[in-house]
Amino acid sequence: MRQRLPSYIVSVTGIILVAERFLQITWLSALASELKNWGVILGAASIVLGIANLVVVNLHSLRSRRTDMISTGMLFVALAAVGVIGMAKGTGSPLYQKIYTNTYVPMATTVFSMKIFYMLSAAYRSFVAKRAEALVMLLVSMVTLVTVVSVGESILPAAPKILDWLQTVPNVAGQRGILIGAALGSFATALRTLIGYERTNVGM
(Lines give C-alpha, C1' and ligand atoms only; values in the text may rest on other atoms or scores of the structure.)
Protein backbone atom coordinates (compact mmCIF):
# COMPACT_ATOMS: atom_id res chain seq x y z
CA MET A 1 0.00 0.00 0.00
CA ARG A 2 2.84 2.41 0.82
CA GLN A 3 4.32 1.82 -2.62
CA ARG A 4 1.02 2.47 -4.41
CA LEU A 5 -0.07 5.47 -2.33
CA PRO A 6 1.94 8.09 -4.33
CA SER A 7 0.48 6.75 -7.56
CA TYR A 8 -3.05 6.96 -6.12
CA ILE A 9 -2.46 10.55 -4.98
CA VAL A 10 -1.22 11.57 -8.44
CA SER A 11 -4.17 9.86 -10.16
CA VAL A 12 -6.82 11.38 -7.88
CA THR A 13 -5.27 14.86 -8.10
CA GLY A 14 -5.10 14.67 -11.89
CA ILE A 15 -8.70 13.49 -12.20
CA ILE A 16 -9.91 16.34 -9.94
CA LEU A 17 -8.03 18.99 -11.94
CA VAL A 18 -9.27 17.61 -15.27
CA ALA A 19 -12.85 17.39 -13.99
CA GLU A 20 -12.70 20.95 -12.66
CA ARG A 21 -11.74 22.14 -16.13
CA PHE A 22 -14.92 20.77 -17.72
CA LEU A 23 -17.46 20.74 -14.86
CA GLN A 24 -18.79 23.92 -13.27
CA ILE A 25 -19.19 22.64 -9.69
CA THR A 26 -18.51 24.99 -6.80
CA TRP A 27 -17.01 22.54 -4.32
CA LEU A 28 -14.92 20.91 -7.08
CA SER A 29 -13.50 24.30 -8.13
CA ALA A 30 -12.64 25.10 -4.50
CA LEU A 31 -10.92 21.72 -4.09
CA ALA A 32 -8.97 22.16 -7.34
CA SER A 33 -7.89 25.65 -6.26
CA GLU A 34 -6.64 24.26 -2.95
CA LEU A 35 -4.70 21.53 -4.76
CA LYS A 36 -3.12 24.13 -7.05
CA ASN A 37 -2.04 26.13 -4.01
CA TRP A 38 -0.46 23.01 -2.54
CA GLY A 39 1.31 22.49 -5.86
CA VAL A 40 2.82 25.98 -5.62
CA ILE A 41 3.93 25.30 -2.04
CA LEU A 42 5.52 21.98 -3.00
CA GLY A 43 7.23 23.65 -5.96
CA ALA A 44 8.74 26.30 -3.68
CA ALA A 45 9.85 23.60 -1.23
CA SER A 46 11.49 21.65 -4.06
CA ILE A 47 13.46 24.76 -5.06
CA VAL A 48 14.75 25.13 -1.50
CA LEU A 49 15.62 21.43 -1.45
CA GLY A 50 17.44 21.80 -4.78
CA ILE A 51 19.49 24.73 -3.49
CA ALA A 52 20.39 22.78 -0.35
CA ASN A 53 21.41 19.78 -2.44
CA LEU A 54 23.52 22.02 -4.69
CA VAL A 55 25.34 23.47 -1.70
CA VAL A 56 25.94 20.07 -0.05
CA VAL A 57 27.20 18.41 -3.23
CA ASN A 58 29.56 21.27 -4.10
CA LEU A 59 30.84 21.49 -0.53
CA HIS A 60 31.61 17.78 -0.60
CA SER A 61 33.41 18.13 -3.94
CA LEU A 62 35.27 21.18 -2.64
CA ARG A 63 36.49 19.38 0.47
CA SER A 64 37.65 16.37 -1.54
CA ARG A 65 39.25 18.70 -4.13
CA ARG A 66 37.42 16.98 -6.96
CA THR A 67 36.26 20.21 -8.57
CA ASP A 68 37.53 23.59 -9.68
CA MET A 69 37.76 25.62 -6.48
CA ILE A 70 37.49 28.98 -8.28
CA SER A 71 34.29 28.07 -10.14
CA THR A 72 32.75 26.54 -7.02
CA GLY A 73 33.70 29.60 -4.97
CA MET A 74 32.09 31.89 -7.54
CA LEU A 75 28.98 29.72 -7.41
CA PHE A 76 28.69 30.13 -3.64
CA VAL A 77 29.36 33.89 -3.80
CA ALA A 78 26.75 34.41 -6.51
CA LEU A 79 24.24 32.18 -4.73
CA ALA A 80 24.70 34.01 -1.42
CA ALA A 81 24.73 37.53 -2.91
CA VAL A 82 21.68 37.09 -5.13
CA GLY A 83 19.81 35.20 -2.41
CA VAL A 84 20.44 37.81 0.26
CA ILE A 85 19.59 40.75 -2.03
CA GLY A 86 16.47 39.01 -3.31
CA MET A 87 15.18 38.27 0.19
CA ALA A 88 16.14 41.66 1.62
CA LYS A 89 15.06 44.01 -1.16
CA GLY A 90 12.83 41.78 -3.31
CA THR A 91 13.26 40.55 -6.87
CA GLY A 92 11.82 43.78 -8.23
CA SER A 93 14.44 46.03 -6.68
CA PRO A 94 16.74 47.98 -9.04
CA LEU A 95 19.86 46.36 -7.56
CA TYR A 96 18.54 42.84 -8.09
CA GLN A 97 17.43 43.62 -11.65
CA LYS A 98 20.80 45.25 -12.38
CA ILE A 99 22.66 42.13 -11.25
CA TYR A 100 20.38 39.94 -13.35
CA THR A 101 20.60 42.16 -16.43
CA ASN A 102 24.37 42.65 -16.30
CA THR A 103 25.38 39.06 -15.48
CA TYR A 104 22.86 36.39 -16.39
CA VAL A 105 21.50 37.94 -19.60
CA PRO A 106 24.93 38.47 -21.26
CA MET A 107 26.10 34.97 -20.28
CA ALA A 108 22.90 33.36 -21.55
CA THR A 109 23.16 35.34 -24.80
CA THR A 110 26.79 34.28 -25.24
CA VAL A 111 26.00 30.60 -24.73
CA PHE A 112 23.07 30.80 -27.12
CA SER A 113 25.18 32.60 -29.74
CA MET A 114 27.88 29.94 -29.56
CA LYS A 115 25.39 27.24 -30.53
CA ILE A 116 25.26 28.36 -34.13
CA PHE A 117 29.03 27.91 -34.51
CA TYR A 118 28.85 24.37 -33.10
CA MET A 119 25.94 23.67 -35.44
CA LEU A 120 27.91 25.00 -38.40
CA SER A 121 30.96 22.94 -37.44
CA ALA A 122 28.87 19.77 -37.04
CA ALA A 123 27.14 20.45 -40.35
CA TYR A 124 30.48 20.89 -42.12
CA ARG A 125 31.82 17.60 -40.72
CA SER A 126 28.67 15.83 -41.79
CA PHE A 127 28.76 17.61 -45.14
CA VAL A 128 32.13 16.03 -45.79
CA ALA A 129 30.33 12.69 -45.48
CA LYS A 130 28.02 13.85 -48.31
CA ARG A 131 24.73 13.81 -46.41
CA ALA A 132 21.81 15.71 -47.90
CA GLU A 133 20.45 16.68 -44.46
CA ALA A 134 23.83 18.08 -43.45
CA LEU A 135 23.98 20.13 -46.65
CA VAL A 136 20.63 21.74 -45.82
CA MET A 137 21.75 22.49 -42.25
CA LEU A 138 25.02 23.93 -43.52
CA LEU A 139 23.28 26.23 -46.00
CA VAL A 140 20.79 27.45 -43.40
CA SER A 141 23.61 28.09 -40.93
CA MET A 142 25.57 30.06 -43.51
CA VAL A 143 22.55 32.18 -44.43
CA THR A 144 21.89 32.87 -40.75
CA LEU A 145 25.50 33.84 -40.10
CA VAL A 146 25.62 36.12 -43.11
CA THR A 147 22.34 37.78 -42.09
CA VAL A 148 23.20 38.49 -38.45
CA VAL A 149 26.58 40.10 -39.13
CA SER A 150 26.66 43.82 -39.91
CA VAL A 151 28.09 43.37 -43.41
CA GLY A 152 25.79 40.48 -44.27
CA GLU A 153 23.59 42.38 -46.71
CA SER A 154 26.65 43.60 -48.59
CA ILE A 155 27.87 40.02 -49.05
CA LEU A 156 24.48 38.53 -49.93
CA PRO A 157 21.69 41.12 -50.47
CA ALA A 158 18.98 38.44 -50.60
CA ALA A 159 20.03 36.88 -47.28
CA PRO A 160 17.41 38.67 -45.10
CA LYS A 161 14.56 37.62 -47.39
CA ILE A 162 15.84 34.05 -47.51
CA LEU A 163 16.19 33.90 -43.73
CA ASP A 164 12.71 35.37 -43.27
CA TRP A 165 11.24 32.68 -45.55
CA LEU A 166 13.18 29.96 -43.72
CA GLN A 167 11.87 31.17 -40.37
CA THR A 168 8.24 31.63 -41.42
CA VAL A 169 7.77 28.53 -43.62
CA PRO A 170 10.04 25.50 -42.98
CA ASN A 171 10.89 26.47 -39.41
CA VAL A 172 7.28 27.08 -38.38
CA ALA A 173 6.16 23.86 -40.07
CA GLY A 174 8.83 21.86 -38.26
CA GLN A 175 8.06 23.48 -34.91
CA ARG A 176 4.35 22.79 -35.28
CA GLY A 177 5.06 19.16 -36.11
CA ILE A 178 7.25 18.85 -33.03
CA LEU A 179 4.62 20.56 -30.84
CA ILE A 180 1.87 18.26 -32.12
CA GLY A 181 4.02 15.21 -31.45
CA ALA A 182 4.93 16.50 -27.98
CA ALA A 183 1.27 17.21 -27.23
CA LEU A 184 0.23 13.69 -28.24
CA GLY A 185 3.06 12.23 -26.17
CA SER A 186 2.08 14.38 -23.18
CA PHE A 187 -1.54 13.31 -23.55
CA ALA A 188 -0.57 9.64 -23.64
CA THR A 189 1.68 10.05 -20.58
CA ALA A 190 -1.02 11.97 -18.70
CA LEU A 191 -3.60 9.30 -19.51
CA ARG A 192 -1.27 6.54 -18.31
CA THR A 193 -0.64 8.53 -15.13
CA LEU A 194 -4.34 9.05 -14.44
CA ILE A 195 -5.17 5.35 -14.79
CA GLY A 196 -2.15 4.31 -12.71
CA TYR A 197 0.06 2.69 -15.35
CA GLU A 198 2.75 5.40 -15.35
CA ARG A 199 4.58 5.31 -12.03
CA THR A 200 8.05 6.57 -12.93
CA ASN A 201 7.04 10.11 -11.89
CA VAL A 202 6.65 8.92 -8.30
CA GLY A 203 9.87 6.91 -8.21
CA MET A 204 8.27 3.51 -8.79
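Numbering of residues begins at 1 and proceeds along the displayed sequence.
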Start with the C-alpha gap between Leu166 and Asn171, add the side-chain angles, then the distance that decides, and say whether side chain to side chain contact (heavy atoms under 4.5 Å, CB included) holds.
CA-CA 6 Å; Leu166 290 173; Asn171 184 48; 5.9 Å; no
Which atom pairs, one a donor and one an acceptor, fall under 3.5 Å between side chains of residues 12-32 and the rest of the protein, sequence neighbours left out?
{"unit_1": "Thr13", "atom_1": "OG1", "unit_2": "Ile9", "atom_2": "O", "d": "2.8"}
{"unit_1": "Ser29", "atom_1": "OG", "unit_2": "Ile25", "atom_2": "O", "d": "3.0"}

Any residue meeting ring-ring contact (aromatic ring centres under 6.0 Å, His included) with Tyr96, in chain and number order, not counting sequence neighbours:
none
Given a cutoff of under 4.5 Å between side-chain heavy atoms of I, L, V, M, F, W and Y, with clusters grown through shared members, what are the other residues clustered with Leu54?
Leu75
Of all heavy-atom pairs linking Val105 and Thr109, the shortest is O-OG1, 2.8 Å
If I take atom CG from residue Leu79 and atom CD1 from residue Ile51, how far apart are they, to the nearest 0.5 angstrom?
6.0 Å
If you compare all heavy atoms of Ser46 against all heavy atoms of Gly43, which two are closest, and at what distance to 0.1 Å?
OG-O, 2.5 Å
Determine whether Leu95 and Val82 fall in the same hydrophobic cluster, where Ile, Leu, Val, Met, Phe, Trp and Tyr are linked whenever their side-chain heavy atoms lie under 4.5 Å apart.
yes
Does atom CZ of Phe76 have more than 12 heavy-atom neighbours from other groups under 6.0 Å away?
yes
When Asn53 is tested against each of Val57, Val55, Val56 for side-chain contact (heavy atoms from CB on, under 4.5 Å), which residue passes?
Val57
Please check this pair: side chain of Thr101 against backbone of Lys98, looking for a donor-acceptor N/O pair closer than 3.5 Å.
no
